[in-house]
Amino acid sequence: MQDAMFKLGMSLVKQNIVRLEVLEEALQMRKQDQSDHPRNLAEILVKDFNCEHDSVYREVARYYGFRELELPSGQLSEDRIQFINNILKKLPDETRKLMLDEKILIYKYDPNTPYRFLFVSTDPTNNNIETVARRIGAKRYEVCYVGLKEFDEIIEKAFPPENQFLQQVDMSDIEIETDPEESSLEEEAIDAEINKSLLVNLMEGMLLEAVRRGASDIHIIPTDAKDSEIHFRIDGKLQPWYSDKGIKPEAMAAVVKDRSKNIDRFERDAAQDGFIQRTIDGHMIRFRVSVLPVVGKDYRHKLESVVIRVLDDRNVITDFEKLGFQGGARKSFVRAISKPQGMIILTGPTGSGKSTTLIAALSHVMNPQINVLTVEDPVEYLIRGVRQLKIGDKNTFDQAIRAILRHDPDVVMVGEMRDKQTADIAIKLANTGHLTFSTLHTNDAPSAVSRLYKMGIETFLIAYAINIVIAQRLIRRLCQKCKRPSDNLDPRIPLRLGFSKEEIANTVFYEAVGCDECNGGYKGRVAIHEALYFTKELKNLIFTSGADINDEAIREQGIKDGMTTLRAAARQRVMDGITTIEEIAQATAEE
């Protein structure tokens, strides 16, 4: 056995999957394991040494002669899904749990083949496969290797996890009587209403469902003194999820506030910010909670709007290549972040993906030889290898910004340039040998210059501190399963959006249809970028403009230097069959 393990290990070393010293240490751990069921080499490498699961087990499958079952993403047939679902449902709970825990599935049954049953597993050498086969009476079977992501996709479609919280919520028979002369809702009454209406389960089920549906935000909206509505923001659009009839909004807000850190349940006249943490489907998910007092019809009720941002680290892109930069924008951005100093500014509205782009850019430039510091309020995502400063009463955002100058940084990320003081320090960092990332709220890239000037930054500092300004938007991506070509498109519509007659003639325009796998014809989002790189000509234009900064002149120079506008980038997405003209008309302004 040890000899076979060594040969497998050397095969992994030859394929550059593990280093020789790691293999030697893993083999030693395997040798020292005196338990009745010692772990195999692959498991030790993956779990103890953080080797990449699929790379290791794909080589294991190849070494032992298991074939790999390749499943194109999203291409699992309805019949196959139904077959797997039926099999899992008919199995005893113990066997089903074993299969799901060990990532084993019965993928196919065909009595006309030598191996009647086809099993798939992320570890084809798993001894539990034999256990499952024995329990179902499968005397002949074949085992195939399948990647971890592909296996999870199969399970998500064929056997989605149930929301146990929502199964316990039944509002249909609840009626809350209230006194119209009541001046306020007493805390005892709120507690009684919470317990009676199972709002705790509703709230927990809401968090669970939002994560599983891929929502970016949850909105709890008080519609009147007795009703609340819960909406999910999915692919950038708010969608109704639950209407809470007959339950006071104060009770719903109290449940959220009770389960949030840094929020006072009894404060109803001031805005509050807090957070929640939950482990959902085996992953730690953070939720950022914002509570705002709002006006209702009846002044006696103190209503509050609650918005919860879902911060799922699994959705964070750290691979720069997956950001979706197009052509010249990608080239300009890489050139800007490859410089040892200067400022990279991202602009765009809330929810346009600025933080995601910044994290991917930081991941691209990071290495063990540099000190990377970030100042964000609040910190949304934790970034491995980065020192993210903690903001609080004793270390405010402004104090933290000033402190980083004394903390020997190489690369700095300032969450947002919110005022002159913040912008001054960020500009100073960029001009004193630091690569500095930050965000700014402007509609496009050229207007970032005038925005900084209006904040009090001199034009000569702006001209020579900034490497690039990126304006970003997220537009919805067409569902590839149900999209269809537009038959009766009026050519005047794309003309108004800037398409040339030649482009219209050579483009297949698609329209959103809608199916059971998407949201009204759209599934996911894709970024578009406007990259204003600061060339010598642009720097000189800004430097000599003084107080007469002309956004249009900056835009014209940027286009002359190769900048693609947001709308032009969006038009390219349409020509690539990724989105619709309706989407780009809504997401971008006229040029």
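These numbers were taken from a predicted model, which means no experiment stands behind them. Just so you know, residue 1 is the first one in the sequence shown, and it goes up from there.
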Can you name the salt bridge (charged side-chain N to carboxylate O under 4.0 Å, His left out) partners of [X], sequence neighbours left out?
X: Glu376; result: none
X: Arg476; result: Glu583
X: Asp110; result: none
X: Asp48; result: Arg39

Working to the nearest 0.5 angstrom, can you tell me the gap between [X] [atom1] and [Y] [atom2]?
X: Arg213; Y: Leu208; atom1: CZ; atom2: CG; value: 11.0 Å
X: Leu20; Y: Leu12; atom1: CG; atom2: CG; value: 11.5 Å
X: Arg278; Y: Phe287; atom1: CZ; atom2: CZ; value: 7.5 Å
X: Ile87; Y: Ile136; atom1: CD1; atom2: CD1; value: 7.0 Å
X: Phe232; Y: Ile308; atom1: CZ; atom2: CD1; value: 9.5 Å
X: His231; Y: His219; atom1: NE2; atom2: NE2; value: 9.0 Å

Mark yes when over 12 heavy atoms from residues, nucleotides or ligands other than [X] sit less than 6.0 Å from its [atom1]; otherwise mark no.
X: Asn367; atom1: CG; answer: yes
X: Arg116; atom1: CZ; answer: no
X: Gln239; atom1: CD; answer: yes

| query | Taking it one step at a time, do Arg288 and Leu311 satisfy side-chain contact (heavy atoms from CB on, under 4.5 Å)? | reply | CA-CA 7 Å; Arg288 193 181 71 208; Leu311 303 174; 4.2 Å; yes

| message | I'd like to know whether Arg573 forms a side-chain contact (heavy atoms from CB on, under 4.5 Å) with Val526, so could you lay out the CA-CA distance, the side-chain angles of the two residues, the decisive distance to 0.1 Å, and finally the verdict. | response | CA-CA 9 Å; Arg573 296 294 190 193; Val526 63; 3.6 Å; yes

Output yes when [X] and [Y] qualify as a salt bridge under the 4.0 Å nitrogen-oxygen rule, no when they do not.
X: Asp264; Y: Lys257; answer: no
X: Glu94; Y: Arg135; answer: yes
X: Arg67; Y: Glu142; answer: yes
X: Arg484; Y: Glu511; answer: yes

Without swapping roles, check the side chain of [X] against the backbone of [Y] for a donor-acceptor pair under 3.5 Å.
X: Lys483; Y: Gly577; value: yes
X: Gln272; Y: Glu267; value: yes
X: Asp576; Y: Ile578; value: no
X: Gln388; Y: Ile383; value: yes
X: Asp54; Y: Leu148; value: yes
X: Arg265; Y: Val256; value: no
X: Thr279; Y: His283; value: no
X: Ser363; Y: Ile359; value: yes
X: Arg96; Y: Leu88; value: yes
X: Gln472; Y: Gly353; value: yes

| query | Just checking, is any N or O donor in the side chain of Asp123 or Thr125 under 3.5 Å from an acceptor N or O on the other one? | reply | yes

| query | How far apart are the C-alpha atoms of Glu68 and Arg58, what are their side-chain angles, what is the distance that settles it, and do they pass the salt bridge (charged side-chain N to carboxylate O under 4.0 Å, His left out) test? | reply | CA-CA 8 Å; Glu68 180 178 355; Arg58 184 173 285 113; 3.1 Å; yes

| task | Of all the heavy-atom pairs spanning Ser305 and Pro222, show the shortest one and how long it is. | result | CA-CD, 4.1 Å

| Shortest non-hydrogen contact between Leu207 and Ile280, atoms and distance | O-CD1, 3.9 Å

| task | Apply the test side-chain contact (heavy atoms from CB on, under 4.5 Å) to residues Val372 and Arg387: give CA-CA distance (whole Å), side-chain angles for both, the deciding distance (0.1 Å), then the verdict. | result | CA-CA 6 Å; Val372 183; Arg387 303 179 212 181; over 6 Å; no

| task | For residues Tyr145 and Phe66, establish whether the separation of their ring centroids is below 6.0 Å. | result | no

Quiz: residues 518-525 side-chain donor-acceptor pairs under 3.5 angstrom, not counting sequence neighbours:
from	atom 1	to	atom 2	distance (Å)
Asn519	ND2	Asp235	OD2	3.4
Tyr522	OH	Thr580	OG1	2.8

Output a table of donor-acceptor pairs, distance under 3.5 Å, between side-chain atoms of residues 100-109 and any protein atom two or more places apart or on a different chain; print 'none' if there are none.
from	atom 1	to	atom 2	distance (Å)
Asp101	OD2	Lys97	NZ	2.7
Glu102	OE1	Asn126	ND2	2.9
Lys103	NZ	Asp152	OD1	3.2

